[in-house]
Structure formats: C-alpha cells, structure tokens
> 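First the structure, which I've put down as structure tokens, then a few questions once you've had a look.
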Amino acid sequence: MGRKLHVELQENSYDIFIEKGILSLLGEKIKSIYNGGKIFVITDRNVNKHYGDKLKDSLEKAGFVTKFMVLEPGEETKSFNTLPRIYNELLDFKITRKDLILTFGGGVIGDLGGFAASSFLRGVPFIQVPTSILAQVDSSVGGKVAVDLERGKNLVGSFYQPKAVYIDSEVLNTLSDKFYRDGMAEVIKYGCIKDREFFYKLKSLKNRAQVMDNIEDIIYNCCLIKKTIVEIDEKDLGERMLLNFGHTLGHAVEKYYNFTGYSHGEAVAIGMYNITLKSENEGLTKKGVAEEIKDILINYGLPYEVEIGNNESIVDTIAIDKKNMGKILKIILIKDIGKSIIYDTTPEFFKAVK
Ligand SMILES: NC(=O)c1ccc[n+]([C@@H]2O[C@H](COP(=O)([O-])OP(=O)(O)OC[C@H]3O[C@@H](n4cnc5c(N)ncnc54)[C@H](O)[C@@H]3O)[C@@H](O)[C@H]2O)c1
C-alpha cells in the first residue's frame with residue numbers, strides 16, 4: 001500500500017503520494033485532482049526511453065490527450081535558453097491555465113518544467129513525477145523551481161508549488177550508480193540535520209540492494225523532514241536554510257573545479273564533512289561527529305576530502321555566493337548528529353578549511 005504526506009501551505013497545499021508501481025496507475029490517480037482533458041509532459045531522453053510508454057499508456061487509458069516534450073538529459077538543459085522552446089510547444093498544444101503540465105524526470109526536468117509552468121500564461125498548474133533519488137527526496141517537494149543563466153545556477157526562478165507529487169521508487173532501479181550516490185548524499189544530509197535515528201539506520205545499510213529494500217521508508221522520511229521545514233518557512237528565510245548543510249562549501253568546491261571535477265552530491269559530501277571538522281575544531285560541534293560523517297560517506301562511496309591548493313579562492317567564491325547577504329554569512333552547522341543550527345559568521349570562517 002502506498003503512503004501519503006500532506007504539505008500544508010494554505011491555498012498552495014498538496015499531497016505527496018509514495019507508492020511502488022504508481023506510475024502505471026497515474027492516469028486514474030490524476031483524475032482525482034484534475035478534471036481537464038489535456039496533459040503536457042516534460043521529460044528527458046533517458047527517462048522517456050525507460051518509462052515514457054508506460055506513462056503515456058496510463059494517461060491515455062484514463063482518457064487524457066497528451067503531448068510529450070523529450071529533452072536532452074543533463075544540467076545544460078536547465079538553461080534559460082531552453083524556455084522559449086518549451087513555451088512554443090505549449091502554444092502549439094494550446095495549453096491554457098485550465099490544463100496541466102507534468103514534469104517527469106530528475107531535478108533538472110522538475111526545476112525547468114516547474115519554472116516553465118510557473119511563468120507560462122502567469123502560471124499553469126503542474127504536477128511532479130520525480131524519477132531520481134535526489135528529485136524524489138528533495139527537489140520535487142517544496143516548490144523551488146528555477147533555470148540557470150550562463151553566470152550561475154538557479155539564478156532565475158520562483159516559488160511555485162505543484163498540485164501533487166507522485167513518487168514511484170521502482171523507477172530507481174534504472175538509475176546509474178553515479179546518480180544513486182549523488183542522491184544518497186542528500187539523504188544522509190537529512191539524517192545529519194534532523195534525524196539521528198535515521199542517520200544510524202542509513203549507516204547500518206551495507207549496499208544499494210539493502211538501501212532499495214528500505215527505499216519507501218527512506219523516501220517517506222526525507223519528504224516528511226523536508227515538508228515539515230517547508231511548512232514552517234516556505235520562502236527560505238529561516239528554517240529552510242538548514243537544508244543547505246554542506247552546500248555553501250560544496251558549491252564553492254563545485255565552482256573551483258568548474259563544475260567538472262565533482263558532482264553536486266559529491267561536493268555536498270565534501271562540504272558536510274569539512275564544515276563539521278572545522279566547527280568541531282572551533283568547539284561548536286561535539287567531538288567525533290566529523291568522523292561519524294566520514295564513515296557514512298565512505299560506506300556510500302562518497303568522497304570527503306579534496307585537494308585545494310589555493311584556499312583563498314574558496315573563501316572568495318563563498319564571499320560572492322548569492323546566499324551571502326550583506327557582510328554576514330549564514331552557514332549551517334550541526335552540534336551533533338540530528339541537531340543543526342544556523343550560524344552567523346563571515347567567509348573568513350572557511351579560511352582554515354582544507
Ligand atoms: N528545487 C529544489 O529544491 C532542488 C533541490 C536540490 C536540487 N535541485 C536541482 O536538481 C538538479 C539535479 O537533479 P538530479 O540529480 O535528479 O539530476 P538530473 O535531472 O540531471 O538526473 C540525473 C540523471 O539521471 C537520469 N535519470 C533520472 N531518473 C532516472 C531513472 N529513473 N532511470 C534512469 N535514469 C534516470 C537523468 O536522465 C539524468 O541523466 C540540479 O539542477 C539542482 O539544482 C533542485
């Protein structure tokens with residue numbers, strides 16, 4: 001049986017449905033929240049190859065007329081420049097504000113398709129059907145949608161909540177190991193910031209097969225933590241910043257290597273370990289916590305160290321990071337596993353980080 005979480009955001013409230021095999025039932029499920037006839041699906045080539053027919057069958061059997069737009073996989077697709085092509089297809093398909101857009105893919109498709117939905121005709125309803133771990137535990141929930149500019153990631157975006165999120169963990173079987181590990185870095189992050197028991201549960205799982213045996217619980221728990229945070233702070237002005245644990249440093253590491261050295265998840269892993277090592281040395285974190293994080297990262301095949309010759313450039317990168325408003329830099333530290341805080345400091349804090 002599937003599970004359901006309700007995200008309470010007044011008129012923007014919606015449900016998250018987590019159910020193995022839900023993909024083939026999607027047409028019927030959507031009928032309960034949408035009484036129009038047309039659905040515009042945005043997906044990428046990898047996801048479409050594996051599951052496009054299944055989704056199409058399910059939607060058409062339920063009586064919907066569909067159009068699929070299949071984009072190239074990868075972050076390059078999440079470009080501002082992809083938007084006009086999407087808007088053109090939406091116009092060709094005569095999408096109105098009474099119709100529905102469905103994003104079917106990882107975080108790239110969810111963010112891009114969600115932003116297209118938020119901006120086309122001042123907002124067309126959309127639903128998220130996330131297919132990567134990262135998208136199922138993080139990006140599909142909470143309504144942050146965005147595209148990239150040449151000068152940086154996620155620089156154009158909005159807060160635009162979906163009408164529903166449908167999560168089928170079965171599709172994760174075709175996810176590459178690289179993206180599996182990437183997503184698990186974010187899963188581990190939830191344990192670090194909010195849930196000690198969950199952290200040790202994750203630590204006890206020995207390999208991908210064991211993780212997959214528990215995947216429904218894992219997805220549910222991550223979505224529960226994220227939705228609870230989003231309900232308190234939808235617009236990312238306080239509590240929601242806790243989700244950035246490991247990200248300030250991680251983002252600087254990604255940038256230092258020109259986004260080609262480390263994947264996002266790997267960079268976050270490096271960020272979580274190194275910021276904790278630093279805060280432990282500053283007496284802000286219980287001794288031994290960094291070592292615990294290092295152990296779990298090793299378990300999941302994630303890196304924790306990085307060679308950065310010139311540490312100044314990391315500090316500079318952090319200083320111009322968009323999250324650095326004014327002189328004060330808000331970073332996320334954990335005092336212990338499961339206990340995170342927002343800590344006001346300056347980019348200089350990172351000086352001694354190796
Ligand atoms: N909106 C948010 O709150 C939020 C939060 C975190 C990250 N993000 C964004 O998410 C993006 C990264 O998401 P991602 O890691 O899912 O990347 P992605 O969308 O590029 O997906 C990763 C890869 O896996 C493939 N794939 C996806 N599902 C698959 C499946 N079931 N089987 C086989 N292959 C599959 C994709 O084609 C792609 O090649 C970034 O752009 C990031 O900025 C957004």
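All values reported here derive from a predicted model rather than from experimental measurement. Both ligands and their constituent atoms are indexed starting at 1 by order of listing. Only this structure's heavy atoms are used, side chains among them; waters, hydrogens and symmetry mates stay out.
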> Would His50 count as being in polar contact with ligand 1, using the rule that some N or O on each side must be under 3.5 angstrom apart?
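No, His50 has no N/O under 3.5 Å of an N/O on ligand 1.
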
> Which is it for His264 and ligand 1 at heavy atoms under 4.0 Å: side chain, backbone, both or neither?
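His264 to ligand 1: no contact under 4.0 Å from either part.
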
> Heavy-atom contacts under 4.0 Å between Glu186 and ligand 1: side chain, backbone, both, or neither?
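Neither; no heavy atom under 4.0 Å.
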
> As a check for students: among Val230, Asp138, Leu175, identify the option with a heavy atom nearest to atom 29 (C) of ligand 1.
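Residue with the shortest heavy-atom distance to the ligand atom: Leu175.
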
> Which bit of Asn154 is near ligand 1, meaning a heavy atom under 4.0 Å away: side chain, backbone, both or neither?
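For Asn154, the contact with ligand 1 is made by the side chain alone.
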
> For ligand 1, is there an N or O atom under 3.5 Å from any N or O atom of Val108?
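Yes, Val108 has an N/O under 3.5 Å of an N/O on ligand 1.
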
> I want to check something: taking the side chain as every heavy atom from C-beta on, are Ile30 and Leu102 in contact at a cut-off of under 4.5 Å?
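Ile30 vs Leu102: side chains touch.
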
> Any atoms of ligand 1 less than 4.0 Å from a non-hydrogen atom of Gly106? List them with their elements.
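Going through ligand 1 atom by atom, the ones under 4.0 Å from Gly106 are 16 (O), 19 (O).
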
> Any idea which atoms of ligand 1 are less than 4.0 Å away from a heavy-atom of Lys78?
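Those qualifying, in numeric order: 9 (C), 40 (C), 41 (O), 42 (C), 43 (O).
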
> Among all protein heavy atoms in this structure, tell me which lies nearest to atom 7 (C) of ligand 1, with the distance rounded to 0.1 Å.
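Looking at atom 7 (C) of ligand 1, the protein heavy atom closest to it is Leu134 CD2, 3.5 Å.
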
> Side chain or backbone of Asp44 under 4.0 Å from ligand 1, or both, or neither, by non-hydrogen atoms?
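The part of Asp44 near ligand 1 is the side chain, not the backbone.
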
> Is the charged tip of Lys278 near the ring of Phe349: under 6.0 Å from the six-membered ring centre and within 45° of its axis?
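Yes, a cation-pi geometry.
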
> Hey, does the Lys NZ or Arg CZ of Arg208 hover above the aromatic six-ring of Tyr180, less than 6.0 Å from the centre and inside 45° of the axis?
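Cation-pi check for Arg208 and Tyr180: passes.
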
> Backbone, side chain, both or neither: what part of Asp148 comes under 4.0 angstrom of ligand 1, heavy atoms only?
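Neither part.
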
> Assess the side chains of Ser58 and Ser24: does a donor N or O sit below 3.5 Å from an acceptor N or O?
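The answer is no; no qualifying pair exists.
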
> Ignoring hydrogens and angles, state whether a donor on the side chain of Tyr343 or Ser279 is under 3.5 Å from an acceptor on the partner side chain.
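Result is no, nothing qualifies.
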
> What protein heavy atom is closest to atom 28 (N) of ligand 1, reported as residue, atom name and distance in Å?
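It is Thr131 OG1, 2.8 Å.
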
> What protein heavy atom sits nearest atom 16 (O) of ligand 1, and how far off is it?
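Its nearest protein heavy-atom neighbour is Ser132 OG, 2.5 Å.
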
> Cation-pi check for Tyr34 against Lys163: NZ or CZ below 6.0 Å from the six-membered ring centre and within 45 degrees of the axis, yes or no?
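Cation-pi check for Lys163 and Tyr34: fails.
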
> Over 60° means perpendicular and under 30° means parallel, so tell me whether Tyr51 and Phe104 are parallel, tilted or perpendicular.
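Correct class here is perpendicular.
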
> Check this for me: does any side-chain nitrogen of one of Lys203 and Glu292 sit under 4.0 Å from a carboxylate oxygen of the other?
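Between Glu292 and Lys203 there is a salt bridge, with a charged N closer than 4.0 Å to a carboxylate O.
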
> Suppose we measure from atom 9 (C) of ligand 1 to each protein heavy atom; which comes out shortest, and what is that distance?
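The closest heavy atom on the protein side is Asp111 OD2, 3.4 Å.
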
> Could you tell me which atoms of ligand 1, counted from 1 in the order shown, lie closer than 4.0 angstrom to a heavy atom of Val171?
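So the atoms of ligand 1 that pass are 30 (C), 31 (N), 32 (N).
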
> Give me the nearest non-hydrogen protein atom to atom 25 (C) of ligand 1 as residue plus atom name, then the distance to 0.1 Å.
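Of every protein heavy atom, Asn46 ND2, 4.1 Å lies nearest to atom 25 (C) of ligand 1.
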
> Return the orientation label for the Tyr262 and Tyr257 ring planes: parallel under 30°, perpendicular over 60°, tilted otherwise.
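Judged by the thresholds at 30° and 60°, the geometry between Tyr262 and Tyr257 is perpendicular.
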
> Is the ring centre of Phe126 less than 6.0 Å from the ring centre of Tyr160?
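Yes.
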
> Cut-off 3.5 Å, side chains only: do His264 and Glu266 have a donor facing an acceptor?
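Their side chains do not contain a donor-acceptor pair, so the 3.5 Å distance test is not met.
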
> Report the nearest protein non-hydrogen atom to atom 40 (C) of ligand 1: residue, atom name, distance rounded to 0.1 Å.
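Protein heavy atom at minimum distance: Glu75 OE1, 3.3 Å.
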
> With the threshold set at 4.0 Å, does a side-chain nitrogen-carboxylate oxygen contact exist between Lys153 and Asp148?
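Salt bridge between Lys153 and Asp148, a charged N being under 4.0 Å from a carboxylate O: no.
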
> If you have a sec, work out which protein heavy atom is nearest atom 33 (C) of ligand 1 and how many Å separate them, to one decimal?
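Answer for atom 33 (C) of ligand 1: Thr174 O, 3.2 Å.
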
> Is the shortest heavy-atom distance from the side chain of Asn12 to the side chain of Phe159 under 4.5 Å?
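The answer is no, as the side chains (C-beta and beyond) never meet within the 4.5 Å cut-off.
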
> Of the protein's non-hydrogen atoms, which lies at the shortest distance from atom 1 (N) of ligand 1, and what is that distance?
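Checked against all protein heavy atoms, atom 1 (N) of ligand 1 sits closest to Lys144 O, 2.8 Å.
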
> I want to confirm something. Looking only at heavy atoms, which of Gly105, Gly107, Ser139 is nearest to atom 5 (C) of ligand 1?
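Residue with the shortest heavy-atom distance to the ligand atom: Ser139.
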
> Give the atoms of ligand 1, by number and element, whose distance to some non-hydrogen atom of Pro73 is under 4.0 Å.
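It comes down to these atoms of ligand 1: 37 (O), 39 (O).
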
> Any non-hydrogen atom of Lys226 lying under 4.0 Å from ligand 1?
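Per 4.0 Å heavy-atom rule, Lys226 contacts ligand 1.
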
